[in-house]
Every structure is written in structure tokens, then in C-alpha cells.
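In listed order, ligands and their atoms are each counted from 1. Just so it is clear, the structure is predicted and the values come from calculations on it, not from any experiment.
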Amino acid sequence: AELRAPPDKIAIIGAGIGGTSAAYYLRQKFGKDVKIDLFEREEVGGRLATMMVQGQDYEAGGSVIHPLNLHMKRFVKDLGLSTVQASGGLLGIYNGESLVFEESNWFIINMIKLVWRYGFQSLRMHMWVEDVLDKFMRIYRYQSHDYAFSSVEKLLHALGGDEFLGMLNRTLLETLQKAGFSEKFLNEMIAPVMRVNYGQSTDINAFVGAVSLSCSDSGLWAVEGGNKLVCSGLLQASKSNLISGSVMYIEEKTKTKHTGNPTKMYEVVYQIGTETHSDFYDIVLVATPLNRKMSGITFLNFDPPIEEFHQYYQNIVTTLVKGELNTSIFSPRPIDKFGLSTVLTTDNSDLFINSIGIVSSVREKENPEPSTDGTYVWKMFSQETLTKAQIVKLFLSYDYAVKKPWLAYPRYKPPEKCPSIILHDRLYYLNGIECAASAMEMSAIAAHNAALLAYHRWNGHIDMIDQDGLYEKLKTEL
Ligand SMILES: Cc1cc2nc3c(=O)[nH]c(=O)nc-3n(C[C@H](O)[C@H](O)[C@H](O)COP(=O)(O)OP(=O)(O)OC[C@H]3O[C@@H](n4cnc5c(N)ncnc54)[C@H](O)[C@@H]3O)c2cc1C
Ligand SMILES: CC(C)=CCC/C(C)=C/CC/C(C)=C/CSC[C@H](N)C(=O)O
């Protein structure tokens, strides 16, 4: 198909994994001559960030990556980064009174324990997640053939039809109840996984529930040196221009270009320190949540006006403590026989944390070495900032604590109606995909999709957008 001259300038707002991967894909599609400006008001990486504890860095936000997250895998390979193993150690589940489940070092013992308490539900749960992931993986084939989708709903529908899209409208709880899972299994096994990953209950939508449960698969990994290295790497590889400023307004205006033609462009007004600046762009991608004005961006004079984004984001606090855990809270066993490195909690535990686990620094290839003095670095997730009294209750002794509050991910409340991807003619929004599920890979998928969408719409290739029957069409193609 014939190509129009590429755009002169593209703006991306937000240098998290969404914005930086968008820069990477836009460069691949539009070529070397387009100027790409990437605006970031805080740190490159966004919700991928580390915190330092006694001279070592630990992941404070997005930390684990699934072995089937192919975009993240590809970035790491293309950027020449290394990976570290991100899971390991024994897990326990605490219900406020006792540990209702404790993993053992022996695979066979775990199997017997699981079957004894829950029958074959654990196996059936893995099969359900595998089925969702199988369909989810179709996105890679569609994107490798350059197909794009104009809405999150159309993207999900292309993966597995009405049934797959319908997962956004049903809670995980009702989906698994209908599939015959017991209350006991849902309370003791499924709910704690939702609490550690999304700080929410099993009332979240079934798709994000499956994404969350996939974190129990083996082979989770992270980037050596910190996951945020992917963002700085993509920024550099895309040869984009980082503008360390805060975008305040976006407005459509008519500009006379160097060709002499009046052209509709977007004016992006931003602040660096106390100074206000502005620039004009052919295409703008917003790669930060717009929910409840979280990003402070105002869309000026759009007709019709840009929609409002109402969904709340969940408060989650990450706390890292170097200290000796007071294991007696969880188990009457002597401290040297405790053996667990992660404790998840059920929804009815009165504990003030969602989870607690030993973490390795971003430089450690394997699990932490056994400690000689009983102290480890522990990561806790909680809804509220932990008080000193609460930390003292959890630890026999500690000598370091750091905290980071997040507006972490959407508060899921099915039925979900996802925000639009196309906000205006050449104005695109990536983070609507978080209403289905928030994860690094989801932002990378949204970024690839938005880059393809912007490219096809720019060139009038409408046959590459929202194609029906893609799965059948591409089944036989390499
Ligand atoms: C505690 C926690 C744990 C998590 N764990 C995992 C995990 O283990 N695995 C996983 O896959 N995912 C995890 N996630 C989710 C994952 O981190 C996010 O889905 C992903 O990082 C979102 O990336 P993003 O680029 O879309 O958004 P963000 O990372 O939020 O990037 C948006 C960027 O835009 C910037 N910005 C906002 N407004 C403006 C403005 N007006 N002007 C300029 N810049 C602006 C922000 O400063 C930010 O840097 C976790 C998230 C949290 C909070
Ligand atoms: C998108 C697909 C198919 C899989 C992604 C699975 C994944 C890695 C989801 C992330 C879920 C999430 C938000 C986890 C937060 S907590 C992570 C970890 N348990 C920790 O302790 O930091």
C-alpha cells in the first residue's frame, strides 16, 4: 500500500514501560526521521522503581515478569540486559489465627498436602489459567503481522470471542464458583493471591484474576539491575528526546507547516520547574492513567470533549524492612524451624498487611543466602502506611525501613467498560488496557497496539484495524 510522508513530530506522555515501549515501536514503524519527544514529570520507569536498603536496590513496584510475557522477553534480549530468577522459597497462608497452608521443600509432599485439603482443585485452577493464557498468547501473532485494534474490547474479543471478552463483566469469584471450586479453596488459595498481587478481593474481574493467578506459575523472572532498566534502554534505543517536565494541557490547533499547508496539530503545554513551554505535534500518545485527573492533564477545546475517566486507583504501600521476623505471629514453631519466606493472608485475616516476603536485591541472581543473624530484607504490601508500632509488632528487631505509597492499579469492579484508545483523531490513550489487567506486559501490548494503530490510521490502512476472524486467517501463516 502507498505511504503518506511520515509525521514530523510525535509526543508521548509518560516514560513508564508503556511510554518507552511506545517510543520503541513508533520508531520501528515510522522510521528514523520522525522526531519523538517523551515527557516525564518524575522518574523514567514510572511504576517500575527500586528502593535502597543498606546500599542494595530492591524492586518497589512492578517486580515479577511471567515467562510467557514475550514483549518483555524481547526487550531484554534486544537491549542486551540480563535476567534474574524472581520466585522461590516456601510459601504459607495465614488466616488471622494460624497458617492454613504451608509449602514443603518436597514437591511430592506439597502435592499430597494440596490434594488432601482441596482435592484436585489446584490442578484444575492451573488448567483454567493455562486456557486463558493460551488464548491471550494470540495477541503476539496478531501484532507480529501488524494488526491493530481500536478498542480494548475489540482486542480481547479477537483473542477468544464473546466468552473471553465476557471475563471483564464477571467477577473471578462467580466465575470460579460456577466452575465448581469450593469456598474453602477460594478463600484459602485464590483470595490470598489476589491480595498480594492486586490488593483486592476475588470480586475483581475474571481476566485480571487469571493474570494474577498466572503469578503462581514457575519461571517468573526480573531484570538484573532493576526492571526500570528496560525503560531507560527503550528510551535510548528509540532515539527519543526525553523532556523532564509535566504536561498540563493538550489542545488541537491549526498550524501552518513548512509546506505552507494549514494542518491540524496538537499543542502540548508543559512545565519545567516554574517555566511554561509548548510545542506542536502531529500525533500524541498518552501513556499514563488519566483516571480522576491522576496525571493532571487537561484537554482544552475539544469538540466533542474528551471523556472523563472515573475509575479509582488502588492505594498500595510497599514497605521494605531489614530485620528479624517475629514468626510467632504466624506459627507456634520455634523461629529456627519457621522456614517460610513468604506469607500471604486471607481476606478475613485482621492483619494490617496483605503479604510479607523475603526479597533479593536486583543484583542477586539466586534466592538470598541463608542469613547468619536471622535478618533478611522483607517486603510488605499494605493498604495503609504501616506505623512504627505495626512494624515493631511484626519484627523482633529491625534496623531499616523504607516505604513507598502507590496509586498502584485500577480498583476492579466488573462489569468493566474500558476507556477508549482513540481519544481524538490522532490522540491515543494506552492505559485504558489496565481496566482489563494491569501488568508490565499489558502496557507493552497496549504500546505496540497504539503504535500500529497510529501508523495504519496515518497511512489510511484501515484493513489492518479491527479485522474479523484473525485467528483463523493467521492459523496457517508462519
Ligand atoms: C506495587 C506494585 C507492584 C506491581 N507488581 C507488578 C509485577 O510484579 N509484575 C507486573 O507485570 N506488573 C506489576 N505492577 C504493575 C506495573 O508496574 C504497571 O502495570 C506498569 O508499570 C504500568 O506502566 P505504565 O507505563 O503504563 O504506567 P506508569 O509506570 O505509571 O507510567 C506513567 C508515567 O507517566 C508520568 N506522568 C504522569 N503524568 C504526567 C504528566 N502530566 N506529564 C509528564 N509525565 C507524566 C508518571 O510520572 C509515570 O512515570 C505493579 C505495580 C505496583 C504499583
Ligand atoms: C499479562 C500476563 C499474561 C501475565 C502477567 C503476570 C504478572 C506478572 C502479573 C503481575 C501482577 C501484579 C500486579 C503483581 C504485583 S505483586 C508481585 C509480587 N508478588 C511481589 O511480591 O512484588
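When side chains are defined from C-beta on, Phe181 does not count as touching Ile190, because their heavy atoms never get closer than 4.5 Å.
A salt bridge links Arg170 to Glu163: one of the charged nitrogens lies within less than 4.0 Å of a carboxylate oxygen. Salt bridge Lys35/Asp8: absent, no basic N to carboxylate O contact under 4.0 Å.
Look at Ser212 and you'll find every heavy atom at least 4.0 Å from all atoms of ligand 2. Heavy-atom distances between Gly357 and ligand 2 stay at or above 4.0 Å for every pair.
Around ligand 1, the residues contributing at least one heavy atom under 4.0 Å from the ligand are Ile13, Gly14, Ala15, Gly16, Ile17, Gly18, Phe39, Glu40, Arg41, Glu42, Glu43, Gly45, Gly46, Arg47, Leu48, Ala60, Gly61, Gly62, Ser63, Val64, Gly245, Ser246, Val247, Ala287, Thr288, Ser295, Ile297, Thr318, Phe381, Trp406, Ala408, Tyr409, Asn431, Ser438, Ala439, Met440, Ser443.
The nearest protein atom to atom 11 (C) of ligand 2, hydrogens excluded, is given as Tyr198 OH, 3.5 Å; this is a heavy-atom distance. Ranking the protein heavy atoms by distance from atom 9 (C) of ligand 2 puts Cys215 SG, 3.5 Å first.
Both tests do not hold together for Arg292 against Tyr313: distance to the six-membered ring centre under 6.0 Å, angle to the ring axis within 45°.
Atoms of ligand 2 found under 4.0 Å from any heavy atom of Ser63 (numbered from 1 in listed order, with element): 17 (C), 18 (C), 20 (C), 22 (O). Set against the non-hydrogen atoms of Leu133, the atoms of ligand 2 under 4.0 Å away are 3 (C).
Under 4.0 angstrom from ligand 2, there are no non-hydrogen atoms of Met440.
Shown here are the side-chain contact (heavy atoms from CB on, under 4.5 Å) partners of Glu364, two or more places apart in sequence or in another chain: Ser360, Ser361, Pro368.
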